[in-house]
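What follows is a short report on a single structure.
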Amino acid sequence: MPDHNVPMSAPYLWIKAFHIVFVASWFAGLFYLPRIFVNLAGVAPDSHAERERLLLMARRLYRFANGLMLLALLLGVWLWLGFDAWRGWQHAWLNLKLLLVLAVIGYHHACRGLLRRFEQLNNRRSERWYRVFNEMSVLLFAAIVILVVVKPL
């Protein structure tokens, strides 16, 4: 059942397409960054070159993902304003999706905090913890996609 209050003009569809591209790209960074943390947590204490190489990769990936996040969010706000749902908050699926987007933003910033701990040689977490943490982004992504496509609420 199509949403009748969603404009389907060509500009709207272009904005939507680029929003999807930037969201998927942002999540690619969120899928891989914690995987680098898994590797960093397993680096031997005397392996300075490996640690520095992984930290360099993590820093660059975080900065790149940060830019993708900003573009995804800007385009998402543009779509949200065009969707007209903000006036009545009548779409439960959209409200839950926005809540999950806030969780993803929190996850993104938590990654920055974890990266800082590695930079300061102050990591307190195990490889196993980072493996579980890594899966959180996949669960958030799946939940958001299901809400947007299926609209179960």
Side-chain angles (χ1 to χ4, degrees), residues 6 11-83 85-86 89 91-153:
V6 177
Y12 175 85
L13 294 175
W14 278 102
I15 294 164
K16 188 174 184 179
F18 280 111
H19 174 66
I20 292 167
V21 167
F22 287 117
V23 167
S25 300
W26 173 29
F27 268 96
L30 293 179
F31 295 156
Y32 194 65
L33 185 59
R35 183 65 212 165
I36 296 174
F37 296 160
V38 170
N39 295 329
L40 274 165
V43 170
D46 62 340
S47 185
H48 302 291
E50 183 179 3
R51 176 177 286 105
E52 285 306 311
R53 181 179 53 82
L54 289 169
L55 282 172
L56 179 64
M57 289 171 56
R59 285 183 202 110
R60 287 180 176 172
L61 182 57
Y62 181 81
R63 280 194 305 269
F64 188 64
N66 208 47
L68 295 166
M69 175 188 69
L70 293 174
L71 289 168
L73 292 175
L74 286 171
L75 292 170
V77 167
W78 195 349
L79 290 170
W80 180 67
L81 292 172
F83 189 70
W86 57 274
W89 295 95
H91 299 284
W93 70 267
L94 180 61
N95 298 334
L96 184 54
K97 180 217 171 196
L98 293 174
L99 185 63
L100 290 176
V101 168
L102 289 175
V104 175
I105 295 168
Y107 183 89
H108 180 94
H109 291 296
C111 285
R112 178 62 183 137
L114 294 169
L115 176 56
R116 282 190 180 135
R117 286 185 176 240
F118 279 113
E119 290 171 333
Q120 298 165 352
L121 301 174
N122 193 21
N123 174 47
R124 296 184 184 137
R125 311 245 188 229
S126 68
E127 284 181 65
R128 184 182 175 124
W129 187 89
Y130 286 107
R131 288 179 196 279
V132 173
F133 181 76
N134 188 33
E135 301 306 319
M136 298 307 297
S137 60
V138 175
L139 296 175
L140 287 165
F141 183 71
I144 289 169
V145 168
I146 289 167
L147 285 170
V148 170
V149 174
V150 179
K151 295 178 181 62
L153 305 172

Discussion item. Walk me through whether L98 and W80 qualify under side chain to side chain contact (heavy atoms under 4.5 Å, CB included).
Written reply: CA-CA 10 Å; L98 293 174; W80 180 67; 3.7 Å; yes
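When every heavy atom of L147 is checked against every heavy atom of W93, the shortest pair comes out as O-CE3, 3.5 Å. Considering every non-hydrogen atom in both C111 and F37, the closest pair reads O-CZ, 3.4 Å.
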Would you be so kind as to tabulate the donor-acceptor pairs closer than 3.5 Å made by side chains of residues 136-144, with sequence neighbours excluded?
from : atom 1 : to   : atom 2 : distance (Å)
S137 : OG     : L30  : O      : 3.4
S137 : OG     : N134 : O      : 3.1

When the side chains of residues 101-108 are checked against the rest of the protein, which donor-acceptor pairs come out under 3.5 Å, sequence neighbours left out?
from : atom 1 : to   : atom 2 : distance (Å)
Y107 : OH     : F133 : O      : 2.7
H108 : ND1    : W26  : NE1    : 3.1
H108 : NE2    : N66  : OD1    : 2.9

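Here CD1 of I146 is found 11.0 Å from CG of L96. Values are rounded to the nearest 0.5 Å. Expressed to the nearest 0.5 Å, how far CZ of R117 lies from CG of L40 amounts to 14.5 Å. For the atom pair CZ of R59 and CG of L33, the computed distance is 12.0 Å after rounding to the nearest 0.5 Å. H19 NE2 to Y12 OH: the interatomic distance, rounded to the nearest 0.5 Å, is 9.5 Å. Separation of atoms CG (L55) and CD1 (I36) is listed at 9.5 Å; rounding is to 0.5 Å.
Residue pairs satisfying the side chain to side chain donor-acceptor pair (under 3.5 Å) criterion with at least one member in residues 30-39, sequence neighbours excluded, are absent. Screening residues 101-114 for salt bridge (Lys or Arg N to Asp or Glu O under 4.0 Å) gives R112-E119 as the qualifying pairs, with residues at least two apart or on separate chains. Counting only residues at least two apart or on different chains, the side chain to side chain donor-acceptor pair (under 3.5 Å) pairs with a member in residues 120-129 are N123-Y130. Counting only residues at least two apart or on different chains, no salt bridge (Lys or Arg N to Asp or Glu O under 4.0 Å) pair has a member in residues 45-54.
With a 4.5 Å cut-off on side-chain heavy atoms, V77 and L74 do not count as touching. Counting heavy atoms from C-beta outward, F18 and L71 have side chains that stay 4.5 Å or more apart.
Considering only residues two or more places apart in sequence or on other chains, I15 meets the side-chain contact (heavy atoms from CB on, under 4.5 Å) condition with L75, W78, L79. Checked against side-chain contact (heavy atoms from CB on, under 4.5 Å), P11 has the following partners two or more places apart in sequence or in another chain: S9. With sequence neighbours excluded, no residue forms a salt bridge (charged side-chain N to carboxylate O under 4.0 Å, His left out) with R63. Under the side-chain contact (heavy atoms from CB on, under 4.5 Å) criterion, V149 pairs with V145, sequence neighbours left out.
The neighbour count for F64 CZ, taken as heavy atoms of other residues, nucleotides or ligands under 6.0 Å away, does not exceed 12.
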